[in-house]
Amino acid sequence: MSRAVALRDAVLDTGSFRSWDGPPLQIATSESYRSELDAAAARSGLDESVITGEGTVFGRRVAVLACEFDFLAGSIGVAAAERITAAVARATAEGLPLLASPSSGGTRMQEGTVAFLQMVKIAAAVELHKRAHLPYIVYLRHPTTGGVFASWGSLGHVTAAEPGALIGFLGPRVYEQLYGEKFPAGVQTAENLFQHGVIDGVVPVDALRSVLHRTLTVMCDSPTAPPPEPPPAGPRDVPAWDSVTASRRSDRPGAEYVLKHGATDRVLLSGTGGGSGQMLLALARFGGQPAVVLGQQRIGMVGPAALREARRGMALAADLRLPLVSMIDTAGPALSAEAEEGGLAGEIARCLAELVTLDVPTVSVLLGQGSGGPALAMVPADRVLAAANGWLAPLPPEGASAIVFRDTAHAPELSAAQGIRAADLLRNGIVDAIVAEQPDAADEPEEFTARLSASIAGELHRLRTVPDAERIGMRLHRYRRIGLPG
């Protein structure tokens with residue numbers, strides 16, 4: 001059995017596949033090329049380097065296209081590209097999510113530059129599929145290189161690869177012939193690309209079906225009724241500095257804990273090209289409400305790579321027409337030469353501008369520390385929740401004290417004067433509701449997470465009933481009015 005067929009059968013419900021493939025275009029321009037095509041067909045049992053069609057995954061219709069490496073190294077010429085493009089267009093027309101699984105050396109050299117240009121029409125078809133707000137999921141198989149990886153292999157909303165797969169732009173054999181030395185070992189592997197945030201995960205073929213099912217459950221399935229919400233918490237009259245201290249406890253539940261214990265159908269993503277470790281990105285459901293989730297991780301100070309990851313989450317939400325949930329918990333921006341040279345200020349600005357104008361429902365959660373530009377960049381939303389000990393400030397209180405008093409001893413005093421605590425934020429219209437801590441989330445993490453998850457689910461459920469134009473208009477008006485009298 002060919003590897004493309006084996007992949008297809010591992011993912012789809014038994015007996016559900018229907019081929020979309022007609023006879024391939026006759027492109028061969030020489031007898032030798034015709035002989036190569038005939039030999040490839042005999043060896044692989046297929047008539048081209050790609051198969052396309054549809055089937056079901058746990059009963060859900062899904063379009064599938066998969067390359068066969070045993071057919072001329074899975075290379076893409078005009079006939080293969082036409083088959084791929086037609087399949088993508090059909091998936092778009094029929095409103096189907098699409099799973100694409102490349103395994104290819106890239107452009108078919110026998111057809112030259114004409115074959116090279118086929119990547120343009122495939123990429124165009126994929127982009128139109130995504131603009132129709134339909135899922136495009138990529139599973140890279142061993143090996144995937146060249147123009148395939150540099151076009152439709154790198155355009156997935158979610159991208160995974162099989163363990164140990166060779167994945168890279170420049171084929172190692174080409175590199176060795178051009179430069180007279182081997183390409184550095186261990187770079188072009190699925191595991192290394194995952195570690196560096198280029199792809200979202202490394203998934204064995206026998207686990208792909210369940211991961212695809214979870215992913216499509218969030219991307220495609222309708223919301224279900226949310227659970228009952230906890231009664232709203234009133235503002236707590238505790239000193240602001242107490243909230244700052246509580247928010248810094250190492251055992252306080254963070255975004256990862258909330259996602260693990262307060263959400264279902266979780267699919268963790270990391271394919272951002274940054275791999276900062278400071279930003280969690282996932283697909284998940286809160287109380288049956290699907291969302292793209294961003295969560296700041298308390299691992300060092302936030303640099304530009306983390307904010308690029310956040311912007312990928314915003315784009316993903318917009319592409320898939322999914323709500324965005326942003327969890328804020330940061331001690332502040334990275335203060336370094338690398339952050340400056342990496343464009344930290346610009347990334348904060350772009351994050352802020354894109355989030356406040358995002359055309360899907362948005363919920364932001366002030367989970368703990370909310371210090372500086374990286375916190376502000378993730379605040380603007382249709383609804384803003386705050387944990388009782390959450391806070392938001394232009395700088396950490398110690399930094400504000402250093403500016404005003406030239407010492408850090410006045411931090412408690414300034415934290416009170418600046419109105420940074422959740423109760424002050426609620427009064428000033430920055431926060432819409434407070435999620436209770438009884439008395440500290442670190443002392444009751446599961447109970448706090450359950451309350452928070454129910455609150456998020458309730459907000460998402462209500463926001464779905466508001467027309468887009470009205471909801472966005474209300475959001476912009478809200479931030480236009482903050483701080484103005486009346």
Side-chain angles (χ1 to χ4, degrees), residues 1-21 51-67 87-88 90-103 126 129-130 132-141 156-163 199-227 259-260 262-269 271 281-293 316-317 319-323 453 457 460-461 464:
M1 179 187 295
S2 79
R3 286 181 281 179
V5 172
L7 181 280
R8 175 199 76 190
D9 291 347
V11 171
L12 298 179
D13 297 336
T14 302
S16 69
F17 179 72
R18 291 195 301 115
S19 176
W20 288 352
D21 297 336
I51 61 172
T52 74
E54 69 166 277
T56 58
V57 177
F58 291 92
R60 180 191 290 105
R61 283 182 72 200
V62 176
V64 177
L65 65 89
C67 286
V88 176
R90 180 169 174 175
T92 306
E94 299 193 20
L96 297 180
L98 175 59
L99 171 66
S101 184
S103 175
V126 168
H129 184 81
K130 293 169 67 176
H133 308 300
L134 294 168
Y136 178 62
I137 299 167
V138 175
Y139 183 63
L140 303 168
R141 289 159 34 242
H157 288 122
V158 176
T159 303
E162 69 174 335
I199 62 175
D200 293 310
V202 178
V203 179
V205 171
D206 58 7
L208 179 60
R209 174 176 161 85
S210 62
V211 172
L212 180 62
H213 176 55
R214 280 204 319 277
T215 303
L216 294 178
T217 295
V218 179
M219 289 181 170
C220 301
D221 287 3
S222 298
T224 57
L259 191 67
K260 181 177 181 180
T264 60
D265 302 306
R266 297 172 297 274
V267 180
L268 294 176
L269 308 177
L281 174 58
L283 300 168
R285 285 186 166 228
F286 290 95
Q289 308 298 302
V292 175
V293 183
L316 187 62
D319 257 10
L320 296 170
R321 305 300 297 160
L322 287 174
S453 177
L460 292 176
H461 179 68
R464 282 184 175 275

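One-based numbering along the sequence shown. These figures come from a predicted structure and were not determined experimentally.
- Residues Tyr136 and Val138 are in side-chain contact: their nearest non-hydrogen atoms beyond the backbone lie under 4.5 Å apart.
- Within the 3.5 Å criterion, the main-chain N or O of Cys67 finds a donor-acceptor partner in the side chain of Arg141.
- Taking each heavy atom of Ala457 and Gln289 in turn, the nearest pair found is O-CG, 3.5 Å.
- We find the CG-CG distance between Leu269 and Asp200 to be 4.5 Å, quoted to the nearest 0.5 Å.
- Pairing each heavy atom of Gly287 with each of Ser453, the nearest pair is N-OG, 4.4 Å.
- The shortest side-chain heavy-atom distance between Val62 and Leu216 falls under the 4.5 Å cut-off.
- Side-chain contact between Ile51 and Val5 is present, with at least one heavy-atom pair separated by less than 4.5 Å.
- Between Gly262 and Phe286, the closest heavy-atom pair is O-CD2, 3.5 Å.
- Every pair passing side chain to side chain donor-acceptor pair (under 3.5 Å) that includes a residue from residues 203-214 is listed here, sequence neighbours excluded: Asp13-Arg209.
- The closest side-chain heavy-atom distance from Tyr139 to Val205 is below 4.5 Å.
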Quiz prompt | Verdict with supporting geometry, Leu320 and Val218, side-chain contact (heavy atoms from CB on, under 4.5 Å) | solution = CA-CA 10 Å; Leu320 296 170; Val218 179; over 6 Å; no
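- Across all non-hydrogen atoms, the minimal contact from Val11 to Val57 is O-CG2, 3.8 Å.
- Distance check: Arg285 CZ to Leu322 CG gives 9.0 Å after rounding to the nearest 0.5 Å.
- For the side chain to side chain donor-acceptor pair (under 3.5 Å) condition, the pairs that include at least one residue of residues 217-226, sequence neighbours left out, are Arg60-Asp221.
- By the 4.5 Å heavy-atom criterion applied to side chains, Met219 and Pro97 are not counted as neighbours.
- A search for side-chain contact (heavy atoms from CB on, under 4.5 Å) contacts involving Ala317 returns Val292, Leu324, Val360, not counting sequence neighbours.
- With rounding to the nearest 0.5 angstrom, the CG atom of Leu99 is 8.0 Å from the CG atom of Leu12.
- Here the closest heavy-atom approach between residue Leu259 and residue Ala282 is recorded as CD2-CB, 3.6 Å.
- Without hydrogens or angle criteria, Ser16 side chain to Thr56 main chain gives a donor-acceptor distance under 3.5 Å.
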Quiz item: Would Val88 and Leu65 count as a side-chain contact (heavy atoms from CB on, under 4.5 Å) if you check the C-alpha gap in whole Å, the side-chain angles of each, and the deciding distance to 0.1 Å?
Solution: CA-CA 9 Å; Val88 176; Leu65 65 89; 3.9 Å; yes
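- At least one side-chain heavy atom of Val158 sits less than 4.5 Å from a side-chain heavy atom of Leu283.
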